[in-house]
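Side chains included, hydrogens not; waters and symmetry mates left out as well; all remaining heavy atoms used.
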Amino acid sequence: MRRVDPAPGAGAARPRGRGGYWLYLVPSLVLFLAIIVVPFLMNVATSFTRWSGVGTPTWIGLDNYTKLFKDERFWASFEHNVALIIAMAVVPTIIGLVLAAALFDYIAKRFGGRTASALRAAFYLPQVLPVAVAGVVWGWMLHPSYGAVNQIFGIEVNWLGDPDIALATVMAIMVWFQLGYPVVIFMAGLQRVDPSLYEAAEIDGASWWRRFWHITIPQIRPEIFVVLLTCTIAALKVFGPIFVLTRGGPGSATMVPSYFSYLNFFQKANVGYGSAIATVLALIIVVVTFLFLRVQEGGQERDQESDS
(Lines give C-alpha, C1' and ligand atoms only; values in the text may rest on other atoms or scores of the structure.)
Protein backbone atom coordinates (compact mmCIF):
# COMPACT_ATOMS: atom_id res chain seq x y z
CA MET A 1 0.00 0.00 0.00
CA ARG A 2 1.31 3.35 -1.02
CA ARG A 3 1.90 5.84 1.72
CA VAL A 4 0.03 9.04 1.08
CA ASP A 5 1.80 12.12 2.37
CA PRO A 6 -0.44 14.60 4.12
CA ALA A 7 -1.25 17.76 2.29
CA PRO A 8 0.71 20.85 3.23
CA GLY A 9 -0.72 22.41 6.35
CA ALA A 10 -2.67 19.29 7.28
CA GLY A 11 -2.06 17.13 10.34
CA ALA A 12 -1.32 18.38 13.81
CA ALA A 13 -2.23 21.97 14.42
CA ARG A 14 0.65 24.32 14.77
CA PRO A 15 1.07 25.65 18.27
CA ARG A 16 -0.04 29.20 18.56
CA GLY A 17 2.50 31.75 19.58
CA ARG A 18 1.93 32.94 23.10
CA GLY A 19 3.01 36.43 22.23
CA GLY A 20 -0.41 37.18 20.74
CA TYR A 21 -2.16 36.89 24.09
CA TRP A 22 -0.30 39.91 25.41
CA LEU A 23 -2.19 42.11 22.96
CA TYR A 24 -5.37 41.54 24.97
CA LEU A 25 -3.63 42.85 28.09
CA VAL A 26 -2.45 46.08 26.50
CA PRO A 27 -5.68 48.11 27.13
CA SER A 28 -5.77 47.09 30.80
CA LEU A 29 -2.06 47.74 31.16
CA VAL A 30 -2.40 51.22 29.63
CA LEU A 31 -5.30 52.05 31.95
CA PHE A 32 -3.38 50.70 34.95
CA LEU A 33 -0.39 52.87 34.12
CA ALA A 34 -2.49 55.97 33.39
CA ILE A 35 -4.87 55.71 36.36
CA ILE A 36 -2.76 54.12 39.10
CA VAL A 37 0.99 54.02 38.46
CA VAL A 38 1.56 57.50 36.99
CA PRO A 39 -0.64 59.37 39.55
CA PHE A 40 0.98 57.44 42.39
CA LEU A 41 4.49 58.33 41.21
CA MET A 42 3.41 61.96 40.80
CA ASN A 43 1.99 61.88 44.33
CA VAL A 44 5.25 60.48 45.71
CA ALA A 45 7.24 63.18 43.92
CA THR A 46 4.91 65.89 45.23
CA SER A 47 5.35 64.62 48.80
CA PHE A 48 8.94 65.86 48.74
CA THR A 49 7.87 69.42 47.95
CA ARG A 50 6.10 72.39 49.47
CA TRP A 51 3.28 73.30 47.10
CA SER A 52 -0.07 75.06 47.39
CA GLY A 53 -1.43 73.54 44.17
CA VAL A 54 -0.54 76.51 41.99
CA GLY A 55 2.80 77.84 40.90
CA THR A 56 6.07 75.93 41.06
CA PRO A 57 6.61 73.32 43.81
CA THR A 58 9.59 73.89 46.12
CA TRP A 59 11.77 70.87 46.87
CA ILE A 60 12.09 70.31 50.63
CA GLY A 61 13.24 66.68 50.78
CA LEU A 62 11.96 64.67 53.75
CA ASP A 63 10.55 67.63 55.68
CA ASN A 64 6.93 66.58 55.08
CA TYR A 65 7.63 63.08 56.38
CA THR A 66 9.52 64.39 59.39
CA LYS A 67 6.57 66.63 60.20
CA LEU A 68 4.13 63.79 59.54
CA PHE A 69 5.65 61.37 62.02
CA LYS A 70 5.57 64.05 64.72
CA ASP A 71 1.98 65.04 63.97
CA GLU A 72 -0.35 63.89 66.76
CA ARG A 73 -3.44 64.30 64.54
CA PHE A 74 -1.92 61.89 62.04
CA TRP A 75 -1.34 59.18 64.66
CA ALA A 76 -4.76 59.80 66.19
CA SER A 77 -6.31 59.32 62.76
CA PHE A 78 -4.66 55.90 62.52
CA GLU A 79 -6.06 54.94 65.91
CA HIS A 80 -9.51 55.75 64.53
CA ASN A 81 -8.66 53.66 61.48
CA VAL A 82 -7.92 50.67 63.70
CA ALA A 83 -11.36 51.08 65.24
CA LEU A 84 -12.90 51.18 61.77
CA ILE A 85 -11.03 48.00 60.81
CA ILE A 86 -12.80 46.31 63.71
CA ALA A 87 -16.14 47.74 62.55
CA MET A 88 -15.68 47.09 58.82
CA ALA A 89 -13.66 43.86 58.78
CA VAL A 90 -13.64 41.93 62.06
CA VAL A 91 -17.23 42.37 63.26
CA PRO A 92 -18.90 41.94 59.81
CA THR A 93 -16.81 38.83 59.18
CA ILE A 94 -17.87 37.22 62.46
CA ILE A 95 -21.54 38.15 62.13
CA GLY A 96 -21.50 37.36 58.40
CA LEU A 97 -20.18 33.85 59.07
CA VAL A 98 -22.98 33.11 61.51
CA LEU A 99 -25.68 34.63 59.27
CA ALA A 100 -24.44 32.87 56.13
CA ALA A 101 -24.27 29.51 57.90
CA ALA A 102 -27.74 30.04 59.38
CA LEU A 103 -29.22 31.01 56.02
CA PHE A 104 -27.55 28.12 54.23
CA ASP A 105 -27.88 25.34 56.81
CA TYR A 106 -31.07 26.29 58.64
CA ILE A 107 -33.29 28.84 56.88
CA ALA A 108 -32.93 27.28 53.41
CA LYS A 109 -33.78 23.81 54.70
CA ARG A 110 -36.81 24.82 56.77
CA PHE A 111 -38.25 27.77 54.85
CA GLY A 112 -36.94 27.19 51.35
CA GLY A 113 -34.18 28.61 49.17
CA ARG A 114 -36.25 31.63 48.11
CA THR A 115 -36.58 32.81 51.71
CA ALA A 116 -32.82 32.46 52.22
CA SER A 117 -32.14 34.33 48.96
CA ALA A 118 -34.52 37.14 49.93
CA LEU A 119 -32.82 37.55 53.31
CA ARG A 120 -29.41 37.49 51.65
CA ALA A 121 -30.51 40.26 49.29
CA ALA A 122 -31.83 42.28 52.24
CA PHE A 123 -28.49 42.03 54.02
CA TYR A 124 -26.68 43.06 50.82
CA LEU A 125 -28.91 46.07 50.11
CA PRO A 126 -26.69 48.61 51.96
CA GLN A 127 -23.81 47.67 49.64
CA VAL A 128 -25.93 48.67 46.65
CA LEU A 129 -26.91 52.06 48.06
CA PRO A 130 -24.63 54.98 47.15
CA VAL A 131 -22.50 56.03 50.10
CA ALA A 132 -23.77 59.60 49.91
CA VAL A 133 -27.42 58.51 50.01
CA ALA A 134 -26.88 56.11 52.92
CA GLY A 135 -24.88 58.74 54.82
CA VAL A 136 -27.52 61.45 54.36
CA VAL A 137 -30.30 59.09 55.48
CA TRP A 138 -28.35 58.08 58.59
CA GLY A 139 -27.66 61.74 59.28
CA TRP A 140 -31.40 62.42 59.25
CA MET A 141 -32.15 59.43 61.46
CA LEU A 142 -29.50 60.42 64.03
CA HIS A 143 -30.20 64.15 64.06
CA PRO A 144 -30.37 65.37 67.68
CA SER A 145 -33.54 67.42 67.14
CA TYR A 146 -35.78 65.55 64.72
CA GLY A 147 -33.95 62.26 64.19
CA ALA A 148 -36.03 59.09 64.13
CA VAL A 149 -33.76 57.27 66.59
CA ASN A 150 -34.19 59.90 69.31
CA GLN A 151 -37.91 60.19 68.60
CA ILE A 152 -38.48 56.44 68.87
CA PHE A 153 -36.59 55.99 72.13
CA GLY A 154 -37.57 59.35 73.61
CA ILE A 155 -33.99 60.49 74.20
CA GLU A 156 -31.88 63.50 73.27
CA VAL A 157 -28.48 62.29 72.11
CA ASN A 158 -26.23 64.04 69.62
CA TRP A 159 -24.98 60.81 68.06
CA LEU A 160 -22.63 62.36 65.50
CA GLY A 161 -21.89 65.60 67.34
CA ASP A 162 -20.69 64.28 70.69
CA PRO A 163 -16.92 63.58 70.64
CA ASP A 164 -17.36 60.76 73.15
CA ILE A 165 -19.74 58.69 71.02
CA ALA A 166 -19.27 59.95 67.44
CA LEU A 167 -16.67 57.32 66.53
CA ALA A 168 -18.74 54.50 68.07
CA THR A 169 -21.77 55.72 66.10
CA VAL A 170 -19.82 55.72 62.85
CA MET A 171 -18.53 52.22 63.66
CA ALA A 172 -22.10 50.95 64.16
CA ILE A 173 -23.18 52.47 60.83
CA MET A 174 -20.21 50.87 59.06
CA VAL A 175 -21.09 47.45 60.49
CA TRP A 176 -24.57 47.86 58.98
CA PHE A 177 -23.11 49.07 55.71
CA GLN A 178 -20.47 46.33 55.38
CA LEU A 179 -22.37 43.28 56.66
CA GLY A 180 -23.95 42.20 53.38
CA TYR A 181 -20.64 41.67 51.58
CA PRO A 182 -19.32 38.82 53.78
CA VAL A 183 -22.78 37.21 53.89
CA VAL A 184 -22.86 36.96 50.08
CA ILE A 185 -19.25 35.76 49.81
CA PHE A 186 -19.64 33.14 52.53
CA MET A 187 -22.91 31.82 51.11
CA ALA A 188 -21.21 31.46 47.74
CA GLY A 189 -18.35 29.60 49.42
CA LEU A 190 -20.75 27.24 51.18
CA GLN A 191 -22.08 26.14 47.78
CA ARG A 192 -18.87 24.20 47.17
CA VAL A 193 -18.90 22.37 50.53
CA ASP A 194 -19.83 18.70 50.21
CA PRO A 195 -23.38 18.34 51.65
CA SER A 196 -22.51 14.84 52.88
CA LEU A 197 -20.28 16.41 55.53
CA TYR A 198 -23.28 18.17 57.09
CA GLU A 199 -25.48 15.09 56.68
CA ALA A 200 -22.95 12.82 58.36
CA ALA A 201 -22.43 15.28 61.22
CA GLU A 202 -26.20 15.65 61.69
CA ILE A 203 -26.66 11.88 61.76
CA ASP A 204 -23.94 11.66 64.40
CA GLY A 205 -25.92 14.10 66.52
CA ALA A 206 -23.75 17.18 66.04
CA SER A 207 -25.53 20.39 66.95
CA TRP A 208 -25.78 23.31 64.52
CA TRP A 209 -23.05 25.15 66.39
CA ARG A 210 -20.67 22.16 66.21
CA ARG A 211 -21.34 21.80 62.47
CA PHE A 212 -20.64 25.50 62.06
CA TRP A 213 -17.39 25.38 64.04
CA HIS A 214 -15.95 22.11 62.70
CA ILE A 215 -17.23 22.09 59.10
CA THR A 216 -18.29 25.54 57.92
CA ILE A 217 -15.32 27.59 59.13
CA PRO A 218 -12.56 25.16 57.99
CA GLN A 219 -14.18 24.59 54.60
CA ILE A 220 -14.54 28.27 53.66
CA ARG A 221 -11.23 29.48 55.09
CA PRO A 222 -10.12 30.97 51.70
CA GLU A 223 -13.28 33.07 51.57
CA ILE A 224 -12.66 34.27 55.12
CA PHE A 225 -9.18 35.47 54.14
CA VAL A 226 -10.56 37.26 51.07
CA VAL A 227 -13.26 39.03 53.10
CA LEU A 228 -10.84 40.05 55.86
CA LEU A 229 -8.29 41.36 53.35
CA THR A 230 -10.70 43.34 51.17
CA CYS A 231 -12.62 44.76 54.14
CA THR A 232 -9.40 45.75 55.91
CA ILE A 233 -8.21 47.59 52.82
CA ALA A 234 -11.61 49.28 52.53
CA ALA A 235 -11.37 50.37 56.18
CA LEU A 236 -7.85 51.76 55.74
CA LYS A 237 -8.87 53.93 52.79
CA VAL A 238 -12.40 54.79 53.96
CA PHE A 239 -13.38 58.33 52.98
CA GLY A 240 -16.97 58.64 51.72
CA PRO A 241 -18.84 57.77 54.93
CA ILE A 242 -16.60 60.05 57.01
CA PHE A 243 -17.05 62.90 54.54
CA VAL A 244 -20.84 62.57 54.49
CA LEU A 245 -21.46 61.82 58.17
CA THR A 246 -18.98 63.83 60.25
CA ARG A 247 -16.31 65.54 58.09
CA GLY A 248 -13.79 64.12 60.57
CA GLY A 249 -15.46 65.80 63.52
CA PRO A 250 -16.53 66.81 66.00
CA GLY A 251 -13.05 68.21 66.40
CA SER A 252 -10.91 65.27 65.30
CA ALA A 253 -13.00 62.54 66.91
CA THR A 254 -13.59 60.66 63.64
CA MET A 255 -10.58 61.82 61.63
CA VAL A 256 -9.00 59.13 59.43
CA PRO A 257 -5.82 59.36 57.29
CA SER A 258 -7.66 59.58 53.97
CA TYR A 259 -9.78 62.50 55.15
CA PHE A 260 -6.76 64.10 56.85
CA SER A 261 -4.98 63.97 53.50
CA TYR A 262 -8.03 65.51 51.80
CA LEU A 263 -8.07 68.39 54.30
CA ASN A 264 -4.46 69.24 53.57
CA PHE A 265 -4.95 68.92 49.82
CA PHE A 266 -8.04 71.05 49.35
CA GLN A 267 -8.78 73.10 52.49
CA LYS A 268 -5.31 73.95 53.72
CA ALA A 269 -3.74 74.03 50.23
CA ASN A 270 -0.79 72.05 51.60
CA VAL A 271 -0.52 69.63 48.71
CA GLY A 272 2.95 68.35 49.59
CA TYR A 273 1.93 67.38 53.11
CA GLY A 274 -1.30 65.79 51.87
CA SER A 275 0.72 63.79 49.35
CA ALA A 276 2.99 62.53 52.11
CA ILE A 277 -0.04 61.32 54.10
CA ALA A 278 -1.45 59.58 51.02
CA THR A 279 1.92 57.95 50.25
CA VAL A 280 2.31 56.57 53.78
CA LEU A 281 -1.27 55.28 53.70
CA ALA A 282 -0.66 53.54 50.36
CA LEU A 283 2.51 51.87 51.70
CA ILE A 284 0.66 50.68 54.80
CA ILE A 285 -2.04 49.12 52.61
CA VAL A 286 0.63 47.33 50.55
CA VAL A 287 2.33 46.00 53.69
CA VAL A 288 -0.99 44.82 55.19
CA THR A 289 -1.88 43.07 51.93
CA PHE A 290 1.52 41.34 51.83
CA LEU A 291 1.14 40.15 55.43
CA PHE A 292 -2.35 38.80 54.76
CA LEU A 293 -1.13 36.88 51.72
CA ARG A 294 1.83 35.44 53.64
CA VAL A 295 -0.47 34.25 56.43
CA GLN A 296 -2.81 32.66 53.90
CA GLU A 297 0.07 30.90 52.12
CA GLY A 298 1.35 29.63 55.46
CA GLY A 299 -2.08 28.24 56.31
CA GLN A 300 -2.34 26.49 52.94
CA GLU A 301 1.10 24.93 53.37
CA ARG A 302 0.16 23.61 56.80
CA ASP A 303 -3.05 22.15 55.41
CA GLN A 304 -1.12 20.39 52.63
CA GLU A 305 1.37 18.98 55.11
CA SER A 306 -1.41 17.68 57.36
CA ASP A 307 -3.20 16.09 54.38
CA SER A 308 -0.01 14.37 53.24
Side-chain angles (χ1 to χ4, degrees), residues 28-85 87-89 130-136 139 160-161 163 166-167 170-171 174 177 230-291:
S28 298
L29 182 61
V30 171
L31 289 174
F32 177 75
L33 291 173
I35 297 174
I36 297 178
V37 175
V38 173
F40 177 72
L41 294 177
M42 294 174 63
N43 181 82
V44 173
T46 305
S47 69
F48 296 104
T49 65
R50 181 184 295 110
W51 189 36
S52 63
V54 294
T56 303
T58 303
W59 180 267
I60 58 174
L62 296 174
D63 288 358
N64 283 327
Y65 292 96
T66 303
K67 176 184 175 183
L68 180 65
F69 290 116
K70 296 179 181 179
D71 193 338
E72 294 182 358
R73 294 187 68 191
F74 172 74
W75 293 111
S77 69
F78 266 108
E79 292 178 3
H80 301 156
N81 232 334
V82 172
L84 288 176
I85 289 174
M88 295 179 64
V131 174
V133 173
V136 169
L160 296 173
L167 181 60
V170 173
M171 290 173 65
M174 295 313 299
F177 188 82
T230 53
C231 290
T232 299
I233 293 174
L236 286 171
K237 62 186 184 67
V238 65
F239 175 82
I242 300 298
F243 180 84
V244 176
L245 289 170
T246 63
R247 303 292 176 95
S252 299
T254 59
M255 184 70 67
V256 292
S258 60
Y259 192 78
F260 191 36
S261 176
Y262 165 82
L263 287 179
N264 283 277
F265 263 106
F266 298 103
Q267 293 191 11
K268 297 182 179 180
N270 194 349
V271 177
Y273 192 55
S275 298
I277 299 170
T279 301
V280 172
L281 179 60
L283 293 177
I284 289 174
I285 291 174
V286 171
V287 171
V288 169
T289 303
F290 174 78
L291 292 177

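Looking at L291 and V287, their side chains come closer than 4.5 Å, going by heavy atoms from C-beta outward. Considering only heavy atoms from C-beta on, I60 stays 4.5 Å or farther from F48 through its side chain. Side-chain contact check for V37 versus F40: every heavy-atom pair is 4.5 Å or farther apart.
Evaluation of the side chain to side chain donor-acceptor pair (under 3.5 Å) test over residues 45-64, restricted to residues two or more places apart or in two chains, returns S47-Y65.
With rounding to the nearest 0.5 Å, the separation of SG in C231 from CD1 in I85 is 11.0 Å. Distance CG/N43 to CD1/I277: 10.5 Å, rounded to 0.5 Å. Distance check, rounded to the nearest 0.5 Å: CD1 of I284 to CD1 of I233 gives 13.0 Å. One distance of note links CG of L160 with CG of L167; it measures 11.0 Å at 0.5 Å rounding.
Contact detail for A34 and V38: the closest heavy-atom pair is O-CB, 4.4 Å. The minimum heavy-atom distance linking L84 with V238 is given by the pair CD1-CG1, 3.7 Å. When all heavy atoms of R247 and F243 are compared, the closest pair comes out as NE-O, 2.6 Å. Nearest approach of N81 to L236, heavy atoms of both residues: ND2-O, 3.2 Å.
Checked against ring-ring contact (aromatic ring centres under 6.0 Å, His included), F177 has no partners two or more places apart in sequence or in another chain. For T232, there are no side-chain hydrogen bond (donor to acceptor under 3.5 Å, both in side chains) partners, not counting sequence neighbours. Looking at residues two or more places apart in sequence or on another chain, you find a side-chain contact (heavy atoms from CB on, under 4.5 Å) between P250 and P163, A166, A253.
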Below 3.5 Å, can you tabulate the donor-acceptor pairs from side chains in residues 260-269 to any protein atom, sequence neighbours excluded?
residue : atom : partner : partner atom : Å
S261    : OG   : G274    : O            : 2.9
N264    : ND2  : F260    : O            : 2.8

Tabulate below the donor-acceptor pairs under 3.5 Å that side-chain atoms of residues 67-79 make, not counting sequence neighbours, or state none.
residue : atom : partner : partner atom : Å
D71     : OD1  : R73     : N            : 3.0
D71     : OD2  : Y273    : OH           : 2.6
R73     : NE   : S252    : OG           : 3.3
R73     : NH2  : S252    : OG           : 3.4
W75     : NE1  : F69     : O            : 2.9
S77     : OG   : F74     : O            : 2.4

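Side-chain N or O atoms of H80 include none that pairs as donor or acceptor with a backbone N or O of V256 at under 3.5 Å.
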